[in-house]
Chemist: 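Quick one: the structure is below, and I'll ask about it shortly.
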Amino acid sequence: MNKFLTFLLVLVVVISCNEKKESIVSIDDNQHPNLILTAKSVSEIKEKLGNIPVFDETLKTTKETVDAAIKKGIDVPIPKDMAGGYTHTQHKANYANMQKAGVLFQLLGDEKYAIYIRDMLLEYAKMFPTLPRHPQTRSYARGKIFWQCLNDSNWLVYTSQAYDCIYSWLPKEQTTYLNKTLFRPYADFLSIETPQYFNRVHNHSTWGNVAVGMIGLVMDDEELVNRALYGLNKEDVDLTAKDNDGGFIFDKDGKAGFLANVDSPFSPDGFYTEGPYYQRYAMYPFLIFAEALQNKKPELKIFEYKNGVLIKAVDALLNLTDADGEFFPLNDGQKGMSYYTSSLVSAVDIAYYYGNQDPKLLSVAKKQGAVQLDATGLKVAIALKEGKEKPFVKQSMELSDGSKGDEGGIGILRYNNGDETIALVYKYAAQGLSHGHYDKLSFSMYENGDEVLQDYGLSRFVNVEQKNGGGYLKENKTFAKHTIAHNTVVQNEVSHFEYKYSKGSKNHSEKYVFDASNPSFQIVSAKENNAYPGTQFHRTMVMVKDESLDKPFIIDVFKINADKKNQYDLPFYYFGQIISTNFDYNTPKTLSTLGDNYGYNHIWNEGNGVANQESIQFTWLDNRRFYTITSATNKNDELILARIGANDPEFNLRRDPSIIIRKKNAQNTIYASIIESHGNYDPVKEVANNAYSNFSKIEVISDNANYTAIKIKFKDSKEKILILSNLKSDSGIEHSVTINGRNYSWKGFYYFK
């Protein structure tokens, strides 16, 4: 047994024999702590210390971190910096270390941790009444300690937990002083004094609601708890404030508060309309407050609220990741964020404890290698020690969007063969509040956790001060949110809904079909009728596992009907090096942009060609794998080799390439493509294996209002016919159609042979 575990065992014995220390954490339902840690859970954890490896290791790491902070000394600087700056980073470290110190005080009984929290809080109590709003004026809701109220709420959520852990240890006069001087004024500042922040349906406001609610629970302040749960009284807030990208955003009934933020953004499946990046960020306050409410106000039955959506949300979020556990960057999302983040450690533990103890969650916890230091983490750690975990295998699934699940959704088609995985992520969801992108019917594709065809994600370097203070870059609005930044159709070089939030927020795409019951033929289809007046989109994507091929391939059919002729652009954002094309193109000596607005102004035109044939092929190499897009074309379709990065003097954008298929002067038309992964390249042996596409051609053999028929030709002369029913998706309907003199009959949405 290592020295630290021996120390823990000895310490537990000492604590149990020390009446003074025992009185601090006596088993009393009204005794602090009673939010995340409780007197009962502290006692249970102490009995297990030294014999629960994952928990013990997490505790050890936590102790090392806090001991180093205590040794360094207390630093509460006057706020001045944006995200990533010194004062911002220091205050962030302070609240994190206080929360950890509170846990250590309760579990180890060493008063140095309580003294550290007390002294820190007294410094904040001395400073807070003197603070105006933060000197950085960029935010719509400036904080005091931080540049935005969001971060002030982070501070209060974490610090409330620390305060709860030392509340009974502090003399009554000190809690009275802190409540009156620091905590109640802080809660009022975040809510009554900043209603445009607090009374919204948005991840920011969730943090604000939870901050006020958590400190209300600590202080037994029912007014604050009710304010957190239900929002400010209507008479205190201008409910006529316009919905916009950053202002008041109430739910449809004019409600706000924590419960409204559970009701409105979450679908019944647990999908969060802002996207997985912000769902990950919001899950900590959602679940930590739910845990506190369950401990302090079990009569609310918060984990049963909306049919248990908070637990479902954890499962949904874990499924919105690639093979490496990184979240799909739908809407505003920073690439690389994964379920290894601390907020997901808490989410997994809480979901396991308050859910049905799903053993698949344990395998995620095992990969995370840490647990929350409370009853939920204890339960997970014990289950891991007992070997109860089962693999979390991500399957194909659909997640609905909208509070009632009727505002489109996300369809994920997956192929799993041991370590070989392919995932297709198809987005036909609602706008996603202020973090939404204008990308109806867009998709991305992954292989073994690597992006093959990408969603750009957000344009921001989070907490990198040199890049706009760590905040969003202007290119997020001038490029990343625009339609041309995504793998979907742009009409007349104008983004969906004219890039107007007021239009986009009122509309959503419509699911047509999702069927993953046959692993050899998985299909998802959706329609978009409002992105452009007079134009209807219908995109169908199929993952086919043909027995003659090592890997599945994707069939992509994008049908367009319009009331007039337009120009259409369909980009495919790939990575790596172009290997070959079956069309000719010219490369200009001087670069020019594709356009002047709607994101086109950020794209260089690096090459142009004309299809001159009925099917084109484009092959590239990335991650030592070959990929090919085979696409049906008209002979006058333009092919543009493009690259992001124009009009970007500060190099805020990545220089990623794409190929754009442009159809000019077209009214009713179809994009039909095959996307395939094939072969590999070994740079050591310098050998290319299966470097050529398995297909020779794809063509549209029939298209009308009722049916669309596609013919796929393999290199070995084999052919497949795909027929889609454009108007009737019911699986029980029988169809019959004659194409080129041949009759096809089938039952259901599609025919494929």
Side-chain angles (χ1 to χ4, degrees), residues 157 198-210 213 228-231 243 249-294 300-321 327-328 330-333 339 343-344 346-348 350-352 354-356 358 361 397-412 425 427-436 505 508-509 511 514:
V157 169
F198 188 79
N199 249 49
R200 301 173 67 194
V201 172
H202 193 275
N203 77 82
H204 285 199
S205 302
T206 298
W207 276 97
N209 302 152
V210 170
L229 290 173
Y230 306 108
D243 289 354
I249 307 177
F250 300 90
D251 75 1
K252 295 176 182 177
D253 298 320
K255 295 179 181 178
F258 180 77
L259 296 180
N261 272 287
V262 176
D263 280 325
S264 189
F266 283 108
S267 78
D269 295 330
F271 178 74
Y272 189 68
T273 193
E274 294 185 57
Y277 180 76
Y278 280 97
Q279 181 170 355
R280 169 274 323 172
Y281 182 61
M283 285 315 295
Y284 183 78
F286 274 123
L287 289 174
I288 208 70
F289 190 42
E291 183 177 6
L293 288 171
Q294 187 66 29
L300 289 178
K301 298 182 179 179
I302 191 64
F303 285 108
E304 298 176 27
Y305 191 78
K306 196 177 177 179
N307 295 316
V309 72
L310 289 177
I311 301 299
K312 292 178 183 177
V314 178
D315 183 73
L317 191 51
L318 293 174
N319 276 287
L320 285 165
T321 62
F327 298 112
F328 300 135
L330 304 171
N331 294 330
D332 283 341
Y339 59 51
S343 62
L344 261 292
S346 297
V348 168
I350 293 170
Y352 181 80
Y354 291 105
N356 60 358
D358 184 351
L361 290 175
M397 70 186 316
E398 182 183 37
L399 294 168
S400 63
D401 195 3
S403 61
K404 297 180 180 178
D406 57 359
E407 298 180 23
I410 305 292
I412 309 171
V425 185
K427 182 185 177 191
Y428 42 98
Q431 180 63 28
L433 302 182
S434 65
H435 286 294
S505 61
H508 57 84
S509 301
K511 167 192 171 178
F514 182 89

Chemist: With heavy-atom distances below 4.5 Å as the criterion, would you say the side chains of S400 and D406 are in contact?
Modeler: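 Not in contact.
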
Chemist: With side chains defined as the heavy atoms from C-beta onward, is the minimum distance between D315 and D269 less than 4.5 Å?
Modeler: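 The answer is no; the side chains never approach within 4.5 Å.
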
Chemist: Under a 4.5 Å cut-off applied to non-hydrogen side-chain atoms, are F303 and Y354 in contact?
Modeler: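 With C-beta onward as the side chain, the pair touches.
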
Chemist: Are a donor atom and an acceptor atom from the side chains of D401 and S267 found within less than 3.5 Å of each other?
Modeler: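 No donor-acceptor contact under 3.5 Å links the two side chains.
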
Chemist: I would like to know whether E274 and N331 meet side-chain contact (heavy atoms from CB on, under 4.5 Å); could you show each step before the answer?
Modeler: CA-CA 7 Å; E274 294 185 57; N331 294 330; 5.5 Å; no

Chemist: Donor-acceptor pair, distance only, cut-off 3.5 Å: does the side chain of T321 make one with the backbone of L318?
Modeler: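 Side chain of T321 to backbone of L318, a donor-acceptor pair under 3.5 Å: yes, one is there.
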
Chemist: Are L320 and L399 packed together at the side-chain level, in the sense that at least one heavy-atom pair is separated by less than 4.5 angstrom?
Modeler: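 Yes, close enough: below the 4.5 Å cut-off.
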
Chemist: May I ask you to decide if the ring planes of Y272 and F266 are parallel, tilted or perpendicular, using 30° and 60° as cut-offs?
Modeler: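 Taking F266 first and then Y272, their aromatic rings sit tilted (interplane angle of 30° to 60°).
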
Chemist: If only side-chain N and O atoms count, and only distance matters, is there a donor-acceptor pair under 3.5 Å linking S403 with D263?
Modeler: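 Checked: D263/S403 side chains show no N/O donor-acceptor pair below 3.5 Å.
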
Chemist: Any non-hydrogen side-chain atom of S205 less than 4.5 Å from a side-chain atom of F198?
Modeler: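 No; the side chains remain at least 4.5 Å from each other.
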
Chemist: Considering only heavy atoms from C-beta outward, does the side chain of Y284 approach that of W207 to under 4.5 Å?
Modeler: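 Yes; the side chains approach each other to less than 4.5 Å.
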
Chemist: Quick one: are L310 and Y305 in side-chain contact, heavy atoms under 4.5 Å?
Modeler: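 Answer no - side chains too far apart.
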
